[in-house]
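Here's the structure, in structure tokens; my notes come after.
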Amino acid sequence: MKTGANFSSEKILIAPSILSADFGKINEEIASIEDYSDLIHVDVMDGHFVPNITFGPGQIGKMRSGKPFDVHLMIENPDEYLGEFAKGVKSAVGEDLYHESYLVVHQEAVPALRETIQAIKMLGMKAGVALNPTTGWETIETVLDDLDLIVCMTVNPGFGGQKFIESVMPKVVKLKELRPKLLIEIDGGVNDQTAKLCKDAGADILVAGNYVFNALDRRVAIESLR
Ligand code: DX5
Ligand code: ZN
């Protein structure tokens, strides 16, 4: 039975995570999936907020993409670096797609969420907040009207290829009930099986790293999530 189905958008968007791509040829990797993707999910890890390190703003600035970026900042003190990451995104996707791109901070990493969201919007980007699996929807209740995107993590952030945590789904249903038009993205452990659970809960955007980049045919993998 569909739980949040009344609220889900008709078309599900797919955002492959380049965390599972070959970093040594990252632009070829992006080119291999961008035609079939709606957004490119870029996982930024600082070795503090999560026990892994990935891309800095300089590396992002050297990427090239014909689709908007969805930059998932798994870093401490993101407020200090928003401008640098925005600059990197603009260089990677160009002026037009820059304004369609998201900067996403973690609720757990920022002391004053409303101010951070406003700062992202002042940069001309769309603003998102990510919630770890155990972080409740109540923590963002007062900023729901300011947001462009909520990311519900279905793994503990830090690594690709982890198992989907299904007990996060009631949170997705609740958030969709509260704000039917606000985009909800699900990140972690998404494959053709778990994608169904996400869609039933009302998700609008699915992130998939391992499932897409380790597939024999990446296009088929992406389409199987829709
Ligand atoms: C986890 C990242 C996810 C990850 C998803 O910390 O935020 O975006 O890349 O990878 P899969 O789809 O392999 O779980
Ligand atoms: Zn992510």
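As a basis for the values below, the full set of heavy atoms in this structure was taken, side chains included, without hydrogen atoms, waters or symmetry mates. All ligand and atom numbering here is 1-based and tracks the order in the structure.
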Can you list the atoms of ligand 1 that are under 4.0 Å from a heavy atom of M74? 6 (O), 7 (O)
Of all the non-hydrogen atoms in the protein, which one sits nearest to atom 12 (O) of ligand 1, and at what distance? G209 N, 2.8 Å
In terms of heavy-atom contacts, does CG of D35 have more than 12 from other residues, nucleotides or ligands at under 6.0 Å? yes
Please check this pair: side chain of K176 against backbone of P180, looking for a donor-acceptor N/O pair closer than 3.5 Å. yes
Side chain or backbone, does N210 bring an N or O within less than 3.5 Å of an N or O on ligand 1? yes
Proximity winner for atom 10 (O) of ligand 1, if only heavy atoms of G160, P16, G158 are counted: G160
Identity and distance of the protein heavy atom lying nearest atom 3 (C) of ligand 1: D187 OD1, 2.9 Å
For A208, the atoms of ligand 1 under 4.0 Å from one of its heavy atoms are 12 (O)
Say whether, by atom type as modelled, one donor and one acceptor occur between the side chain of T154 and the main chain of D187 under 3.5 angstrom. yes
Restricting to N/O/S, name the atom of D43 that gets closest to the Zn ion (ligand 2). OD1
Within 4.0 Å of some non-hydrogen atom of H72, the atoms of ligand 1 are 7 (O)
Write out the residue and atom name of the closest protein heavy atom to atom 1 (C) of ligand 1, then the distance separating them to 0.1 Å. F159 O, 3.6 Å
Atoms of ligand 1 under 4.0 Å from any heavy atom of L19, numbered from 1 in the order shown, are 4 (C), 9 (O)
Donor-acceptor contact present, side-chain Q107 to main-chain L131, <3.5 Å: no
Please check: side-chain N/O of S101 versus main-chain N/O of P68, any donor-acceptor pairing under 3.5 Å? no
Is the side chain of N52 donor-acceptor paired with the backbone N or O of G158 at a distance under 3.5 Å, no angle test? yes
Close-contact set for ligand 1 against M45 heavy atoms, below 4.0 Å: 6 (O)
Which atom, among the N/O/S set of D187, is closest to the Zn ion (ligand 2)? OD2
Against heavy atoms of M153, which atoms of ligand 1 measure under 4.0 Å? 7 (O)
Is the F69 to Y98 ring centre distance short of 6.0 Å? no
Establish, for the pair K171 and W137, whether the NZ or CZ atom is under 6.0 angstrom from the six-membered ring centre and no further than 45 degrees off its axis. no
When you measure from the side chain of N27 to the backbone of K62, do you find a donor-acceptor pair of N or O atoms at a distance under 3.5 Å? yes
Note: NE2(H41)-the Zn ion (ligand 2)-ND1(H72) angle, rounded to 10 degrees, equals 100°
When you measure from atom 13 (O) of ligand 1 to each heavy atom in G189, G188, G161, P157, which option holds the nearest one? G161
Given D43, I18, V44, T154, which one has a non-hydrogen atom that is nearest to atom 9 (O) of ligand 1? D43
N132 backbone acceptor or donor facing E108 side chain under 3.5 Å: yes
Taking the side chain from S17 and the backbone from G209, do they hold a donor-acceptor pair closer than 3.5 Å? no
Within 4.0 Å of some non-hydrogen atom of H41, the atoms of ligand 1 are 8 (O)
